[in-house]
Number of protein chains: 2
Amino acid sequence: MNWEQGWYPSGQKAEQLMADLGGQAQASLKSGGLSRIQEKNRSLILEAALGEFSMKGFSGATVERIAADAGMSKSNLLYYFSSKEAIYNATLAHILEVWLAPLKTLNPDGEPAQELAAYIRQKIEMSARFPEASRLFANEVMQGAPQILPILQTDLKRLVAEKSQVIEDWIAAGKMRSVDPVHLIFTIWATTQHYADFSVQIKALTGKDLSDAAFQAETEAAVTTLILNGVGLSLPSEDGLAE
Amino acid sequence: MNWEQGWYPSGQKAEQLMADLGGQAQASLKSGGLSRIQEKNRSLILEAALGEFSMKGFSGATVERIAADAGMSKSNLLYYFSSKEAIYNATLAHILEVWLAPLKTLNPDGEPAQELAAYIRQKIEMSARFPEASRLFANEVMQGAPQILPILQTDLKRLVAEKSQVIEDWIAAGKMRSVDPVHLIFTIWATTQHYADFSVQIKALTGKDLSDAAFQAETEAAVTTLILNGVGLSLPSEDGLAE
DNA sequence: GAGGGATTTGACCAAATGGTCAAGATGCAA
DNA sequence: TTGCATCTTGACCATTTGGTCAAATCCCTC
C-alpha cells in the first residue's frame, strides 16, 4: 500500500475503522474477547502512538519510538498491530469518536445561546484535555485525510447537515440572527481547535496555554462572547444582569 | 543536528533565517549577487519544496521528490542547498514574511470596522492563494515550531503587542466593544487559516473550497460579519443601508 | 507440573533516504 | 577557440526504518 506517495483509502467506513481497534492481533482466544494482557498492551500502544503521531506526524513517527514509549520491543508492538499504518488507523479511530462527540449534543429543543455556549465550552475543554488528539486530527486532514476522507464524506457530512438544520430552524424561529450554519460550525471548530493545534505559538505570544486553568477560562469567555455576539445572541451573565 | 528527536533552534532570528535565502550556494560569484541560473534554480527548488513540505511535512517530504518536482537531480539540488534542513528553512523564511504582512497593515488611524474587515479579507485572500504556505506554517508550529520559535517569541510577539495596543486604543476611544485583543487576533488567524489548512475537510463537507471564487466571497462575508458583530461593529453595506 | 498456546525478543533483511564525490557538461569572458 | 568557473549528474555510502522469523519465555489450564 503505497502510503508515502499519496495512498487513498479504499472506501472503508467508520465502522470498519473502529473494528480494527477491537479485532484481536491474530485471531487468538477462542472467545471473541481480548485477554487482559492484550487489553493492557493495546492501550499502552495506542497512548504512546497518539503522543508520537501527534507530535511528529505519520512519517516522522517511528515504530521503534512508539514501542519504547509503550515499554516494549518493536517486535512485540508488531505482534499487536500488523503495521505502522494499522497503529495509525487504530489511533485515529480511537480518538475520532470522542472528538466528534460534542457536536452530537447540540440540542434542537434548547435555547441557541445556551446550546452554542455549551458546545463551545465542550470543544475548548477537549482542546485543553486532549491537545494531542486535536493535532493528530489536524495532521491527518492537512495531509489530505488519506485515512478518514470517507468518514468525513459520509458520517461527518451527515452530522453537519443535521446540526445545520437545527441552526436553520433556530434562525427560522427568529431565535438568532441569520448566518450560514456551516460557516458558523467551521468558525467554532477553527477557533477552539486553534488553541490546541497552535498551543506553542500561543504560549510564545502570551506565556500561557490551555493547560493553565485561568487561561482556559479566559479563552472560553472570549471565544464564547465573540461568537455568540457574532450571531446576535448573548448569555445571561451569572449575576443576572444582561451584559 | 538531531532533528528527528526534537531539535531546538539555536537562537537564530528572522534576519538570519532570511539571510539563508539570499546567500549563495557556496560563496560563488565575486560580486554578491546570484547568477541567472542560480536565481532560477533556487526559485524552482523553493516552489517545489513548498509543495512537498506543505503536503507531507518535513519528515514525509523527500529530497529526491523535491528535486524531481523542480526538474533536476537530487545532487544538483544539494548543490544549491546544503541539506534538507536548509531547504526547509529557506522555504519557511520565504513564506514567513509574506504570511505575516497583512497584520502589519492594520492602521491605527483607520476605523475599526474597515480595518478589521480589510485584515480579514487579506487573510482569506492569502488562504485562497497560498494554502500551501498556510499548511507549511501550521505544520511547523504544530511540531513545536522547532525552526521559528525564536521568531515567534521576538518579532511576532512584538508585532502582536503593537497591534493589540491599536485595538486597545480603539476600545478606549469607545469605537468598539471591549474584547481581549489577543484573543481577537487568534480568532481571526484561526478562522481564516482554517479554510486553507482544512480545505480537504471543507471540500468533503461542502463540495467547495477557497479555490472557488464564489465560495471565497461567501466565506469572507460570513467570517467578516461574524467577527465584526462579535466585537460590536458592522460594516456599512454596499447599497448604503445599515444591515 | 506438564503441555500448549500466548507473549516477548534479538537477530536479521530489504528498501528508502540524506548526503558525498569525482567526473563530465555547460556557459562565458578574453 | 581556449581556459576556467559554474553547473549537473550517476555512482556510491551510511544510516534509518518498517517488517520478518525463529527461538525463547511466560501464563494458564488440566
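Lettering of chains follows the sequences in order, A, B, ..., and the numbering in each one begins at 1. Please read these numbers as outputs of a predicted model, since none were measured by experiment.
Taking only side-chain atoms of A:I37, from C-beta outward, the nucleotide of D:dC27, C:dA6, C:dT20 with the closest atom is D:dC27. Among the nucleotides D:dT6, C:dG19, D:dC28, the one closest to any side-chain atom of B:Y79 is D:dT6. The side chain of A:Y80 lies closest to C:dT8, out of D:dT9, C:dT8, D:dC28. Distances from the side chain of A:N76 to the nucleotides C:dT8, D:dC7, C:dT17 place C:dT8 closest. Candidate nucleotides D:dG18, C:dC28, C:dG18 were compared by shortest atom distance to the side chain of B:K84, and C:dG18 ranks first.
Computed from coordinates, the A:E64 CD to C:dA16 P distance equals 20 Å when rounded to whole Å. Rounding to whole angstrom units, CG of residue B:L78 and P of D:dC13 are separated by 18 Å. For B:K56 and C:dG18, the NZ to P distance is 11 Å, given to the nearest whole Å. Between A:I87 atom CD1 and D:dG19 atom C1' there is a gap of 11 Å when expressed in whole angstrom units. Taking atom CD of residue A:E39 and atom C1' of nucleotide C:dT7, one finds them 16 Å apart after rounding to whole Å. Distance A:K40 NZ to C:dT7 C1': 11 Å, rounded to the nearest Å. A:R42 has its CZ atom 14 Å from the P atom of C:dA6, to the nearest Å.
The phosphate of D:dT8 (OP1 or OP2) has a side-chain N or O of B:N41 nearer than 4.0 angstrom. OP1 or OP2 of C:dA6 has not a single side-chain nitrogen or oxygen of A:Q38 nearer than 4.0 Å. Put simply, B:R65 has no side-chain N or O that comes within less than 4.0 Å of OP1 or OP2 on C:dA16. The side chain of A:R36 contributes an N or O atom lying less than 4.0 Å from OP1 or OP2 of D:dC28.
Between the side chains of B:Q193 and B:K123, at least one donor N or O lies within less than 3.5 Å of an accepting N or O. For the 3.5 Å distance criterion, the side chains of B:Q216 and B:Y195 fail to qualify, holding no donor opposite an acceptor.
A donor-acceptor contact under 3.5 Å is formed by the side chain of B:K74 with the base of C:dG19.
A cation-pi arrangement is absent between B:R135 and B:F198 under the rule of less than 6.0 angstrom and at most 45 degrees off the ring axis.
Here A:S75 lies in heavy-atom contact (under 4.0 Å) with a base. If you check every strand for non-hydrogen atoms under 4.0 Å, B:A61 touches sugar and phosphate atoms only.
Atom NE2 of A:H194 sits about 10.5 Å away from atom NE2 of B:H183, to the nearest 0.5 Å. Rounding to the nearest 0.5 Å places CG of B:N89 at 8.5 Å from OG1 of B:T91.
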